[in-house]
*Asks:* 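After the structure tokens below, expect a handful of questions from me.
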Amino acid sequence: PDGPLSSVPPGVLHDGSQWLAARYAITVAPSAAVHQRLLARGDSRRRTRLVVGVHDDRAPRIAAEAVEIATSLGDSGHRVQALMGPEATRSAVLAAMADAATIHVAAHGRFDRQQPHASGLRLADRWVTVTDLARLMLDTDLVTLSGCETGLGGAADRGGEAVGPALALLAAGARRVVASQWSVDDGITHEVMIRLHQAWSENGTSSDSAFDVASALSLVHHEMVERTPHPAHWGGFVLMGRN
């Protein structure tokens, strides 16, 4: 997608019968070149699952979301590193991200349309910006960002690529990023993220599985449509990168 369509999750389009998110497993690629590069990469050789949670009074469910996801991953036999609350500093999180196969960040996000490079994620001590994320060297299969507007991209940089948190993570080496295209509700985001991790863990964590992250997100969208039909509630999250 380009221009105004780049900020519209394809899943919230309607075919006259149902929302596309409930009918198709959808992946959005920033460009054909990026998609080709990501397809050529194998699965991550890392073993650690990183979970980050930084909550406040505006988003109190973030804490429970992070704890539940970390617990679920640990119960599945994965090695989990959890950075919660004051432990989730900029330096600690960036260092841990470089050694993680999957990353979940439950924290506030922001997108600055005037200064896209200043967009980012609110951690315990400061914001981590797009510039910080782009400097990482990741070997990561999946990053899930549950904050607001983390999937938006602004004006192109000197290399012609749009700028935003999710796009910076793809450039840094993540194969897939689940991010939001608008401000999201704390409670519904908690449900979406828990179910997304459950669905992928139960059905598609092996590289030879046909049930990929796109299929897991489609399943979650289908479930949410039954409970909260309007796409404003559930449709902001999109998978970017590769299937």
Side-chain angles (χ1 to χ4, degrees), residues 1-30 35 51 53 55 58-69 72-73 76 102-109 111 141-153 164-166 175-205 209-243:
D2 193 22
L5 284 178
S6 64
S7 61
V8 179
V12 305
L13 302 177
H14 203 275
D15 66 2
S17 175
Q18 60 186 141
W19 305 109
L20 297 193
R23 184 170 182 178
Y24 298 105
I26 301 172
T27 307
V28 175
H35 187 252
V51 180
H55 73 285
R58 292 184 295 142
R61 298 294 296 277
I62 282 177
E65 174 189 320
V67 169
E68 288 181 50
I69 289 174
S72 175
L73 290 171
S76 299
T102 66
I103 300 167
H104 178 76
V105 180
H108 287 292
F111 183 73
D141 287 326
L142 173 66
V143 181
T144 46
L145 304 174
S146 65
C148 298
E149 300 182 334
T150 50
L152 292 177
R175 279 75 158 174
R176 309 164 185 86
V177 179
V178 174
S180 61
Q181 298 289 77
W182 54 62
S183 295
V184 291
D185 175 78
D186 185 37
I188 290 192
T189 297
H190 172 266
E191 295 183 53
V192 168
M193 288 296 162
I194 296 298
R195 282 295 298 130
L196 174 62
H197 280 273
Q198 287 176 343
W200 190 46
S201 176
E202 292 168 358
N203 296 282
T205 52
S209 173
F211 194 97
D212 52 28
V213 180
S215 300
L217 186 58
S218 179
L219 175 63
V220 174
H221 282 155
H222 183 74
E223 293 174 352
M224 296 302 294
V225 166
E226 298 298 319
R227 299 173 50 195
T228 55
H230 198 285
H233 298 293
W234 52 263
F237 288 102
V238 63
L239 172 64
M240 305 175 70
R242 76 180 213 197
N243 284 354

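Numbers for residues simply follow the sequence, beginning at 1. All figures in this text were calculated on a predicted structure; none of them were measured in a lab.
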*Asks:* Between H197 and E68, does any side-chain donor sit less than 3.5 Å from a side-chain acceptor?
*Replies:*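 The criterion, which ignores hydrogens and geometry beyond distance, is not satisfied for E68 and H197.
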*Asks:* Rounded to the nearest 0.5 Å, how far apart are CD of E223 and OG of S218?
*Replies:* 10.0 Å
*Asks:* Report yes or no: does E65 contribute a side-chain atom to a donor-acceptor pair with the main-chain N or O of G187 at less than 3.5 Å?
*Replies:*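 Not at all, since once roles are kept as given, no pair shorter than 3.5 Å links the two residues.
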*Asks:* Taking atom OG1 of T228 and atom CD of E191, what is their separation to the nearest 0.5 Å?
*Replies:* 7.5 Å
*Asks:* Please examine the side chains of P10 and V28, heavy atoms only from C-beta on, and report whether any two atoms are closer than 4.5 Å.
*Replies:*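 Yes. Closest side-chain heavy atoms under 4.5 Å.
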*Asks:* Between H221 and W234, how do the two ring planes meet: parallel, tilted or perpendicular, split at 30° and 60°?
*Replies:* tilted
*Asks:* Which atom names give the shortest non-hydrogen contact between D186 and I62, and what distance separates them?
*Replies:* OD1-N, 3.8 Å
*Asks:* Name the residue from D212, V143, D141 that meets the side-chain contact (heavy atoms from CB on, under 4.5 Å) definition with R176.
*Replies:*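 Only one option passes, and that is D141.
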*Asks:* Please name the pair of heavy atoms, one in M193 and one in F237, separated by the smallest distance, quoted to 0.1 Å.
*Replies:*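 Looking at all heavy atoms of both residues, the closest pair is CE-CE2, 3.3 Å.
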*Asks:* Taking all non-hydrogen atoms of both residues into account, name the closest pair between M240 and A166 and its distance.
*Replies:*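 Of all heavy-atom pairs spanning M240 and A166, the closest is SD-CB, 3.7 Å.
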*Asks:* What pair of heavy atoms forms the shortest contact from C148 to S180, and how long is it?
*Replies:* C-OG, 3.4 Å
*Asks:* Rounded at 0.5 Å granularity, tell me how far NE2 in H108 sits from CD in E149.
*Replies:* 12.5 Å
*Asks:* Roughly how far apart are T27 OG1 and L217 CG, rounded to 0.5 Å?
*Replies:*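 So the gap between those two atoms works out to 9.0 Å.
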*Asks:* Apply side-chain contact (heavy atoms from CB on, under 4.5 Å) to the pair L152 and Q181, showing each step before the final yes or no.
*Replies:* CA-CA 6 Å; L152 292 177; Q181 298 289 77; 4.2 Å; yes
*Asks:* As an exercise, state the distance from CD1 of I26 to CG of L239, rounded to the nearest 0.5 Å.
*Replies:*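 Nearest 0.5 Å value for the CD1-CG distance: 10.0 Å.
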*Asks:* Are the side chains of T189 and S146 in touch, meaning some heavy atoms are under 4.5 Å apart?
*Replies:* yes
*Asks:* Looking at H222, I'd like to know if its NE2 atom is crowded, meaning that more than 12 non-hydrogen atoms belonging to other residues, nucleotides or ligands lie closer than 6.0 Å.
*Replies:* no
*Asks:* Provide the closest heavy-atom pair for A232 versus W182 in the form atom of the first, atom of the second, distance.
*Replies:*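 It is O-NE1, 3.5 Å.
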*Asks:* Could you measure the distance from the CH2 atom of W200 to the OG1 atom of T102? Nearest 0.5 Å is fine.
*Replies:*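 It comes to 6.0 Å.
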*Asks:* What are the two closest non-hydrogen atoms of G53 and A66, and how far apart are they?
*Replies:* CA-CB, 3.8 Å
